[in-house]
Amino acid sequence: MTAYAGFFEVGLPKKGDRVFVSAASGAVGQLVGQFAKFTGCYVVGSAGSKDKKTVANFQAFVDLLKNKLGFDDAFNYKEEPDLNAALKRYFPEGIDIYFENVGGKTLDAVLLNMRVHGRIVVCGMVSQYNLAQPDGVTNLANLIFKRIRIQGFGVADYYQLYPKFLEYVVPKIKEGKIVYVEDIVEGLEKAPPALIGLFSGRNVGKQVIVLARE
Ligand SMILES: NC(=O)c1ccc[n+]([C@@H]2O[C@H](COP(=O)([O-])OP(=O)(O)OC[C@H]3O[C@@H](n4cnc5c(N)ncnc54)[C@H](OP(=O)(O)O)[C@@H]3O)[C@@H](O)[C@H]2O)c1
């Protein structure tokens, strides 16, 4: 529902839009990418390596985004010393919609790469929640130069659209067109490390805690 409300109601996507999604393997990001493809957009996701020791493991992760979730492309933000250059590589003509899940340095680099009349959908800023001193954002003047709309939203404001959301997703789920990745841990005692893991990218997909199977 968060992905649906944010992408469609705030992002106002059109066929052919170029869409960038951060935290693209997460619960929200993986669906935004798929909704963007259904809408006929070009979509690139960023995510962090699940195992910093092996590049091969990240390659599998990029494959997940591209081959399973249907993103056009994906990159590892932890291996890109210059995010601005990375975005220019994936979006040589700029970004129409940025679906913001992380904030900080990513947002600053995105501002340099937005197209005129682009939209920034501010869903979350997970990189900033636990910082004593949040990162500064220095490229805000691009909001003026490029006439960008930046808008935060809370999913609770859109619950009246729940029937419309079900109408959109249920047939696609039944037809196997929507893929959903979950990261399941068993037992309440695993809940605290699983929660903390969200802030270091330990999860792949929606983090679920199973309390009992019956
Ligand atoms: N507006 C709303 O109503 C609403 C509702 C629900 C959620 N949210 C927000 O939406 C965002 C995504 O939520 P989610 O449930 O889909 O979470 P999630 O993506 O399943 O988990 C968080 C992910 O964020 C990434 N991350 C963590 N620390 C990071 C950092 N310092 N820099 C960059 N990426 C980092 C990690 O992925 P990597 O491996 O890629 O680093 C991690 O897997 C969050 O910011 C959340 O607060 C907003």
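Note that ligands are numbered from 1 as they come in the structure, with each ligand's atoms numbered from 1 the same way. If you read the sequence from its start, that first residue is 1, and numbering goes on from there.
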Under 3.5 Å between any N/O of [X] and any N/O of ligand 1: does that happen in this structure?
| X | result |
| --- | --- |
| Y77 | yes |
| V28 | yes |
| G154 | no |
| N101 | yes |
| G124 | no |
| F199 | yes |
| C123 | yes |

Legend entry - Side chain, backbone, both or neither: V155 near ligand 1, heavy atoms under 4.0 Å: both
Inset, instruction - Between A24, G48, G26, flag the one that comes closest to atom 40 (O) of ligand 1 by a heavy atom. - result: G48
Legend entry - Nearest candidate to atom 15 (O) of ligand 1, where distance is taken over non-hydrogen atoms, out of A23, G6, S22, A27: A27
Any atoms of ligand 1 less than 4.0 Å from a non-hydrogen atom of [X]? List them with their elements.
| X | result |
| --- | --- |
| A47 | 40 (O) |
| S127 | 30 (C), 31 (N), 32 (N) |
| M125 | 45 (O) |

Inset, instruction - Indicate whether the side chain of Y90 and that of S46 have a donor and an acceptor atom separated by less than 3.5 Å. - result: no
Inset, instruction - Using the six-membered ring wherever Trp is involved, compare the ring planes of Y98 and F20 and label them parallel, tilted or perpendicular (cut-offs 30° and 60°). - result: parallel
Legend entry - Parallel, tilted or perpendicular: rings of Y168 and F38 (30°, 60°): perpendicular
Legend entry - Shortest non-hydrogen contact between A23 and N101, atoms and distance: CB-CB, 3.8 Å
Inset, instruction - Identify the two heavy atoms, one from V185 and one from A194, that lie closest to each other, and give their separation to 0.1 Å. - result: CG2-CB, 4.1 Å
Inset, instruction - Any ring-ring contact (aromatic ring centres under 6.0 Å, His included) involving residues 124-163? Give me the pairs, sequence neighbours left out, ordered by first then second residue. - result: Y162-F165
Inset, instruction - Answer with yes or no whether K206 contacts ligand 1, where contact means a heavy atom under 4.0 Å from a ligand atom. - result: no
Inset, instruction - For atom NZ of K206, decide whether the heavy atoms of other residues, nucleotides or ligands shown that lie under 6.0 angstrom number more than 12. - result: no
Inset, instruction - Look at the side-chain heavy atoms of Ile, Leu, Val, Met, Phe, Trp and Tyr, link any pair under 4.5 Å apart, and say whether I196 and V210 land in one connected group. - result: no
Legend entry - Pair listing, side chain to side chain donor-acceptor pair (under 3.5 Å) test, anchored in residues 102-111, at least two apart: D108-T138, D108-N139
